[in-house]
Number of protein chains: 2
Amino acid sequence: MSESPVPHEPPIYRRIADGLRARIHAGELRDGDRLPGENALMAEYAIARATARQALAVLINEGLAVPKRGSGVYVRQFKPIRRHGARRLSREQWGQGRAIWDADARGRPFTVDRVEVALERAAEDVARVLDSDQVWVRRRRYLVDARPVQLATSYFPAHLVEGSAITLTDTGPGGVYARLAELGVPPAHFTEEVRARMPNPRESNLLDLPGGTPVIVIARTAYASDGRPVELNEMILDSAAYVLQYDFDA
Amino acid sequence: MSESPVPHEPPIYRRIADGLRARIHAGELRDGDRLPGENALMAEYAIARATARQALAVLINEGLAVPKRGSGVYVRQFKPIRRHGARRLSREQWGQGRAIWDADARGRPFTVDRVEVALERAAEDVARVLDSDQVWVRRRRYLVDARPVQLATSYFPAHLVEGSAITLTDTGPGGVYARLAELGVPPAHFTEEVRARMPNPRESNLLDLPGGTPVIVIARTAYASDGRPVELNEMILDSAAYVLQYDFDA
DNA sequence: GAGTGGTCTAGACCACCCC
DNA sequence: GGGTGGTCTAGACCACTCT
């Protein structure tokens with residue numbers, strides 16, 4: 001009496017989404033092209049409005065499409081910035097009056113935004129890494145082509161950087177790494193921890209992220225040659241704007 | 001006559017989602033706890049079913065919650081595997097009969113699954129990187145604690161590895177890197193390119209990903225000491241299962 | 001069997017964009 | 001002004017889970 005277990009057909013909204021996705025990957029729908037809208041899908045497939053919305057939501061949540069109010073849903077593009085790991089932190093770059101970020105924008109103009117500098121009580125995990133309860137915190141946002149692409153928060157042990165330009169909005173030529181060198185603790189070693197997740201609402205807002213865009217989180221710890229941690233930098237990157245590159249020998 | 005531009009209240013479904021998110025971050029709702037379901041939200045806020053669903057969908061798409069059919073919506077956890085970049089590829093590890101992956105599971109048992117080996121015509125980008133039209137392709141899936149965590153596809157120039165154990169399902173002790181060494185082209189340099197995006201349906205299936213989980217994509221190219229590329233390995237990682245770590249000196 | 005999430009219909013009003 | 005996506009209601013049937 002048992003029914004043979006037939007593999008279920010996917011629901012309509014999935015089949016519609018699959019069809020649109022295939023057309024995107026086939027190049028039939030290209031970067032910036034307008035997808036069939038809710039009304040078009042309702043007519044074409046004889047479905048209710050909510051079902052058409054559901055199909056489009058799939059592609060939006062996959063990051064393949066972006067909705068524009070009052071206009072339509074459009075195919076999305078991916079033109080990333082290449083961020084180099086090891087190389088970009090080499091001594092040549094921060095030893096000669098150049099800020100690290102220079103290397104990232106690769107000739108494209110970039111700006112810094114929403115700079116905040118404050119002395120704060122360290123959160124538990126920050127305190128553990130830096131071995132310090134009080135920290136100077138530097139927050140800022142980076143933009144390329146007027147588009148926000150990264151949020152960054154740097155933490156420094158308070159006792160280490162007190163009185164230096166690191167506690168000022170303008171850190172001077174060479175940035176914080178040049179200042180750390182002047183303090184006798186030039187960074188000698190870096191550890192970067194990288195993960196990815198969906199953004200929280202604050203990050204989504206500050207980075208102006210459309211739905212379906214994950215963020216890459218990089219926690220970079222800089223150590224002086226004696227092994228003391230001198231900076232913890234947490235970076236939140238728009239994953240649609242970045243490719244990370246790491247080079248190393250066997 | 002102009003209305004002063006009042007900042008709009010967020011829609012109900014957003015406010016409900018914000019409330020639940022706050023309770024999760026406050027620790028009031030913890031890993032694995034059950035969230036209020038659709039019916040509970042309908043009653044509590046006097047809203048329609050679709051609106052309650054929409055609120056829960058926000059958290060699901062953020063990767064903070066996982067729906068279980070017929071049961072409820074649950075708070076999600078993040079217990080990652082630590083994958084080391086530079087260090088894990090050091091000569092000590094692949095020079096002595098140990099496969100690379102050993103280092104990743106950190107003592108936890110791991111298994112390999114769905115191994116496929118084939119000679120194929122290279123896709124355009126693969127052909128460009130490896131400078132070869134014909135490639136041997138090795139596909140497999142990695143599982144930790146019986147849970148799929150990574151898909152990997154390795155490409156080798158066909159003329160280079162023809163006749164070696166790299167073209168067999170079982171590559172022997174030390175894995176493909178030991179075989180490349182025997183062929184006179186031990187990997188001397190690696191480049192890893194890292195990005196993050198939402199998974200496509202195939203990846204979502206093979207990795208058994210709940211909604212709101214991005215994947216990390218690593219494209220690793222291995223070069224012999226003469227600069228020739230000898231392997232291109234594309235890895236698709238469940239972002240909820242991994243933290244990448246890269247160490248380097250200034 | 002009762003409760004849960006998954007899918008779907010058929011409406012409605014709104015803000016926004018483009019013509 | 002007409003079309004678009006954004007939000008919301010009030011229903012319905014289904015498959016699945018738990019007990």
Side-chain angles (χ1 to χ4, degrees), chain A residues 2-20 32-61 64-76 201 204-205 208-212, chain B residues 2-20 32-61 64-76 201 204-205 208-212:
Chain A
S2 70
E3 308 275 345
S4 73
V6 174
H8 268 45
E9 262 192 346
I12 300 178
Y13 80 93
R14 278 231 147 262
R15 294 209 301 272
I16 296 173
D18 291 347
L20 293 174
D33 280 359
R34 188 173 179 284
L35 292 174
E38 298 176 2
N39 294 331
L41 293 177
M42 288 170 70
E44 182 178 356
Y45 295 93
I47 54 174
R49 183 183 181 81
T51 307
R53 280 183 67 73
Q54 209 174 356
L56 292 171
V58 169
L59 301 179
I60 291 167
N61 281 327
L64 286 178
V66 182
K68 296 210 189 306
R69 305 175 71 131
S71 172
V73 179
Y74 296 86
V75 178
R76 190 182 186 183
S204 203
N205 253 309
D208 194 22
L209 298 176
Chain B
S2 70
E3 308 277 343
S4 73
V6 173
H8 268 43
E9 262 191 348
I12 299 179
Y13 81 93
R14 278 231 147 261
R15 295 209 301 271
I16 295 173
D18 292 347
L20 292 174
D33 281 359
R34 188 172 178 285
L35 292 174
E38 299 177 359
N39 295 331
L41 293 177
M42 287 169 71
E44 183 179 354
Y45 294 94
I47 54 175
R49 184 183 181 79
T51 307
R53 281 183 68 72
Q54 209 173 356
L56 292 171
V58 169
L59 301 179
I60 291 167
N61 282 327
L64 286 177
V66 181
K68 295 210 188 304
R69 308 175 68 129
S71 172
V73 180
Y74 297 85
V75 178
R76 186 172 189 195
S204 203
N205 253 308
D208 194 23
L209 298 176

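None of the values given here were measured: they were computed from a predicted structure. Below, read A as the first sequence line, B as the second, and so on, with proteins coming before strands; counting in each chain starts at 1.
When every heavy atom of B:I47 is checked against every heavy atom of B:L41, the shortest pair comes out as CG1-O, 3.8 Å. Residues A:Y13 and A:T51 come closest through the heavy atom pair CB-O, 3.9 Å. Of all the heavy atoms in A:R76 and A:G212, the pair that sits closest is NH1-O, 4.4 Å. For the pair A:E38 and A:A52, the tightest heavy-atom approach, listed with the atom from each and the gap, is O-CB, 3.7 Å. Shortest non-hydrogen contact noted between B:A17 and B:L59 is O-CD2, 3.7 Å.
If you check every strand for non-hydrogen atoms under 4.0 Å, B:I12 touches sugar and phosphate atoms only.
When the P atom of C:dT7 is taken as reference, atom CG of B:L56 falls 14 Å away, rounded to whole Å. Here C:dG3 presents its C1' atom at 11 Å from OH of B:Y74, a figure rounded to the nearest Å. Nucleotide D:dC16 holds its P atom 6 Å from the CZ atom of B:R69, rounded to whole Å.
Applying a 4.0 Å cut-off to non-hydrogen atoms, the residues of residues 32-50 of chain A that approach DNA chain D are A:R34, A:G37, A:E38, A:N39, A:R49, listed by residue number.
Phosphate contact (OP1/OP2 of C:dT9, side-chain N/O of A:T51, threshold under 4.0 Å): present. Contact check, B:R53 against C:dG6: a side-chain N or O comes under 4.0 Å of OP1 or OP2. For B:Y13 and D:dC8, the shortest distance from a side-chain N or O to OP1 or OP2 is not below 4.0 Å.
The residue among A:G70 and B:S71 whose nearest nucleotide of DNA chain D is located toward the 5' end is A:G70.
In this structure, the side chains of B:L20 and B:L56 come closer than 4.5 Å at one or more pairs of heavy atoms.
The nucleotide whose nearest atom lies closest to any side-chain atom of A:Q54 is, among C:dG6, D:dG6, C:dC8, C:dC8.
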